[in-house]
Amino acid sequence: MSNPKPAMVRRSGEETAERYRMLIEQSDDLAIYLLSPSGHIETWNKAAEKLKQYKAQEVIGKHLSIFYTKEDQERKLVEKELEEAAQTGKFEGSGWRVRKDGSRYWADVIISALRDDDGKLIGFAKVSRDASERKRQEEIIEQQKQDLIELSTPVMQLWEGILVLPIIGTLDSQRSQVVMERLLEAIVSTGSEVAILDVSGVPTVDTMVAQHLMKTMEAAKLMGAECIISGIRPEIAQTMVHLGIDLSTVKTRSTLARGLEEALRTRQLAIVKSSRGEGAK
Amino acid sequence: MSVERIPILKMGEFLLVSIQTELDDRLAVNLQKELTARVAETGARGVLLDISGLDIVDSFLGRMISTIAEMTRIMDAETVVVGMKPAIAITLVEMGLTLPGVVTALNVEKGMELLRARTRASGEGDGIHSLSTYHTAGHQ
């Protein structure tokens with residue numbers, strides 16, 4: 001006991017095999033089982049029973065595809081996964097699987113090809129795990145990301161024919177894509193000829209984002225609307241010019257107020273001081 | 001699909017071309033021929049190319065829009081492309097076809113206003129045109 005290492009070495013091959021068998025059979029978390037080269041189930045363990053609800057005698061000899069959804073069965077997903085494992089030695093993936101009672105869970109799966117000394121395929125080892133909780137959390141994060149995008153890209157009609165899009169926070173490619181689509185849709189639905197993109201709340205841009213903004217403006221122009229960018233911060237001005245982005249065709253204004261002034265001017269409108277107050281004196 | 005023709009309508013001193021069907025290459029080439037002929041025949045001052053019915057575009061069609069605009073321009077009739085859908089605009093920009101030199105407007109109405117303004121500007125000093133300006137102004 002005090003020196004376990006030599007003890008391990010001294011164990012007979014049979015004893016080691018037995019221990020491995022126990023390790024796999026008793027595993028509570030990882031479903032580990034063997035498949036024949038054709039994909040039929042040959043062994044089963046406790047975790048597999050817990051995860052998929054089938055008892056060993058119910059599944060041994062069945063084809064792996066019984067755990068797959070109907071759509072995946074139709075897509076011949078099992079065959080494709082086994083094919084990949086056979087060719088590259090290993091398949092790794094995630095997907096929806098079906099329990100005995102018909103409920104679904106999200107599984108992380110690894111299929112490894114087993115070959116004998118001559119390199120002949122003798123079957124597959126399959127390890128899978130319930131990742132439903134992680135999947136659910138990922139979905140929540142994705143949902144919140146979407147909500148955030150929705151919230152953070154409002155397109156407002158400031159005046160008849162004038163749209164304002166205040167962009168706040170870091171722009172990534174995905175968000176700039178949303179900005180582009182939102183703006184173009186709003187141009188159509190409101191029939192606006194001028195749109196002000198206020199970027200005073202944007203701390204940094206990279207090449208991709210700058211190009212996206214340029215594309216947005218070009219697309220708006222193709223539709224017959226004009227874009228004005230307002231509130232470019234010093235850091236962004238430096239980045240844009242260093243990146244070699246051609247802004248010569250773009251109207252830029254220092255502040256949203258000046259942007260609005262310009263937008264009104266292109267629509268032949270102007271804000272004037274009311275003379276009423278003076279008249280009352 | 002049988003070869004239809006894209007109708008070219010005369011509206012005063014302008015021509016209105018409204019594409020309400022998917023434009024295949026042959027139809028587009030025919031339109032180019034017919035439109036230039038009509039511009040010459042009617043002495044039109046401008047062309048409104050309404051592409052609001054167009055849902056898909058490829059590089060050929062994108063270039064076709066440019067070439068139509070260029071052809072009519074050198075024939076002294078400015079083309080205004082109107083009603084481009086967002087998806088088409090995005091596709092064209094992604095393909096790098098930003099149609100430089102092509103005048104655009106949101107819809108037929110705004111395109112018409114734009115054409116009027118532009119032909120008026122180019123015809124400044126022309127007695128007939130200043131008269132028509134006066135007329136529309138008086139009418140409002």
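Every chain is numbered from 1 and lettered A, B, ... according to where its sequence line falls, protein lines coming before strand lines.
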| said: Please classify the contact of A:S192 with chain B as side chain, backbone, both or neither, using a heavy-atom distance under 4.5 Å. | reply: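 Just its backbone gets close to chain B.
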
The interface call for A:M214 against chain B, heavy-atom contacts under 4.5 Å, is neither

Okay, B:V82 and chain A: the region with an atom under 4.5 Å from a heavy atom over there is neither

Enclosure of [X] [atom1] (heavy-atom neighbours >12, cutoff 6.0 Å):
X      : atom1 : answer
A:E138 : CD    : yes
A:L269 : CG    : yes
B:M95  : CE    : yes
B:E70  : CD    : yes
A:I140 : CD1   : yes
A:M156 : CE    : yes

Kindly compute the distance separating CG (A:L184) from CD1 (B:I88), expressed to the nearest 0.5 Å.
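So the CG of A:L184 and the CD1 of B:I88 are separated by 12.0 Å.
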
Rounding to 0.5 Å, atoms CG (B:L106) and CD1 (A:I187) come to a distance of 7.0 Å

message: Looking at every heavy atom in both B:T98 and A:L222, which two are closest together, and how far apart are they?
response: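 Where B:T98 meets A:L222 most closely, the heavy atoms are O-CD2, 3.6 Å.
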
- Query: Can you name the nearest heavy-atom pair linking B:A89 to A:A219, along with the distance?
  - Reply: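 That closest heavy-atom pairing would be CB-O, 3.5 Å.
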
State which residue, out of A:E218, A:K215, A:E181, A:M223, fulfils the side-chain contact (heavy atoms from CB on, under 4.5 Å) condition with B:I90.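 In the set A:E218, A:K215, A:E181, A:M223, the residue that makes a side-chain contact (heavy atoms from CB on, under 4.5 Å) with B:I90 is A:E181.
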
